[in-house]
Number of protein chains: 2
Amino acid sequence: MKYIEKLRNSGLRPTKQRLQICEVLFNNKETFHFTINNLAKKIKKSLNAKISLATVYNTVHAFEKKGYLKKISINTDQTFFDTNTTDHHHFYDLNEEKLIDIKNSDVGPIKILKKIEGKKIKSVEVLVKLED
Amino acid sequence: MKYIEKLRNSGLRPTKQRLQICEVLFNNKETFHFTINNLAKKIKKSLNAKISLATVYNTVHAFEKKGYLKKISINTDQTFFDTNTTDHHHFYDLNEEKLIDIKNSDVGPIKILKKIEGKKIKSVEVLVKLED
DNA sequence: AATCTTATTTATAACGATTCTAAAGAACTG
DNA sequence: CAGTTCTTTAGAATCGTTATAAATAAGATT
Ligand SMILES: [Mn+2]
Ligand SMILES: [Mn+2]
Ligand SMILES: [Zn+2]
Ligand SMILES: [Zn+2]
């Protein structure tokens, strides 16, 4: 399996559940955005496996910590994750409640002229809210 | 009182509780960011009034709907509100878990080159995460 | 001012996403 | 295999938020 080594290299044991979640998350042509509930349902369908919700949370958080997933800053009740871990920005469609990627190159260079003493910039994220 | 008319003009009855919350929120030189819990505590101290948590939620949401407060998109467990309702951006200090305003003029013009058919841009928000 | 009507407040219950717990099971090590 | 550590799991707990429904207050009508 192609994910076994990836997991081992991260110090994560390649369990059946983790490998299955890897398939759902990473075995796609396109990256995508998801919520935990969202993902749990997808797992149920894609595979006919029953992975406990706790394990889905554990795994997503583990993958996030290892940098295989990115948390997205949106103000909704549910947390969104992104399998696209490159630097990029987002549209948030307020009507459909969906995220859409914006490539860095589709946003002009962002200059932050204000500096905060003793602090470094870790990331710069643009969120563009859309309505009909 | 200076908030009575503001509330009436919005179709909100100027109740004792709303006027007190107005004092705490808007009777300041500087705008600020807050969470609901945060605000509830502030009310308890500032005034020696006991406003029920439900009323604080109701009022903040009413004020948000009227445009007197802005919800901020951050990925934390609690929702942040902003008494600064002008268009602006934010630093989020990951260590102190605090928001800091960035004036629009402190960010270069942001060009979104990608368009989504049938959708209008409602807002463009930049979130700059800071670390030590 | 008394009455009617509608909006608001409030305590409390309900909800739902997330986290915790602790026991059972699986993966690694020698 | 035996020992150790990690992982999974169901269910409970947590906690921010929302819903409920009865009491109260505000505005309108007489
Ligand atoms: Mn929560
Ligand atoms: Mn919630
Ligand atoms: Zn994305
Ligand atoms: Zn602000």
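Quick note on labels: first sequence line is chain A, next is B, and so on, each numbered from 1. Quick caveat, the model's predicted, so the values are computed rather than measured.
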Novice: How many whole angstroms separate atom CG of B/Leu7 from atom P of D/dG27?
Specialist: 10 Å
Novice: Please report, rounded to the nearest Å, how far the C1' atom of C/dT8 is from the CZ atom of B/Arg8.
Specialist: 14 Å
Novice: Check the distance between C/dT18's C1' and A/Glu64's CD and give it to me in whole angstrom.
Specialist: 13 Å
Novice: Side chain of B/Tyr57: nearest nucleotide among D/dG16, C/dA17, D/dA19?
Specialist: D/dG16
Novice: Is B/Thr55 close enough to C/dT10 that one of its side-chain N or O atoms is under 4.0 Å from OP1 or OP2 there?
Specialist: yes
Novice: Just checking B/Thr35: base, sugar-phosphate only, or nothing, at a heavy-atom cut-off of under 4.0 Å?
Specialist: nothing
Novice: Name the closest nucleotide to the B/Gln78 side chain, picking from D/dG16, C/dT10, C/dT18.
Specialist: D/dG16
Novice: For the pair B/Asp132 and A/Lys120, evaluate salt bridge (charged side-chain N to carboxylate O under 4.0 Å, His left out) and give the outcome as yes or no after the intermediate values.
Specialist: CA-CA 6 Å; B/Asp132 289 320; A/Lys120 286 188 304 228; over 6 Å; no
Novice: Using a heavy-atom cut-off of under 4.0 Å over every strand shown, decide if A/Asn58 touches base, sugar-phosphate, or nothing.
Specialist: base
Novice: Starting at atom CG of A/Asn37, determine the distance to atom C1' of C/dG16, rounded to an integer number of angstrom.
Specialist: 9 Å
Novice: Nearest whole Å is fine: how far is D/dT7 P from A/Lys65 NZ?
Specialist: 11 Å
Novice: Nearest-Å distance, NZ (A/Lys16) to P (C/dG25)?
Specialist: 13 Å
Novice: Are any of A/His61's side-chain N or O atoms less than 4.0 Å away from OP1 or OP2 of C/dT19?
Specialist: yes
Novice: Measure the spacing between CG of A/Asp93 and NZ of B/Lys119 and express it to the nearest 0.5 Å.
Specialist: 3.5 Å
Novice: Can you tell me how far P of C/dC28 sits from CD of A/Glu5, to the nearest Å?
Specialist: 13 Å
Novice: Mapping A/Thr59 and B/Arg13 onto DNA chain D by nearest heavy atom, which one lands closer to the 5' end?
Specialist: A/Thr59
Novice: Return yes when atom NZ of B/Lys111 has more than 12 non-hydrogen atoms of other residues, nucleotides or ligands closer than 6.0 Å, and no otherwise.
Specialist: no
Novice: For A/Thr15 and for A/Ile36, find the nucleotide of DNA chain C with the closest heavy atom, then tell me which residue's nucleotide is more 5'.
Specialist: A/Ile36
Novice: Report the distance from atom CD1 of A/Ile4 to atom P of D/dT7, rounded to the nearest whole Å.
Specialist: 15 Å
Novice: Parallel, tilted or perpendicular, judged at 30° and 60°: which one describes the rings of A/His88 and A/His33?
Specialist: tilted
Novice: Between B/Gln17 and C/dT10, is there a contact of a side-chain N or O with OP1 or OP2 at under 4.0 Å?
Specialist: yes
Novice: So which nucleotide from D/dA26, C/dT19, C/dT9 ends up closest to the side chain of B/Arg18?
Specialist: C/dT9
Novice: Taking atom NZ of A/Lys41 as the centre, report whether more than 12 heavy atoms of other residues, nucleotides or ligands fall under 6.0 Å from it.
Specialist: no
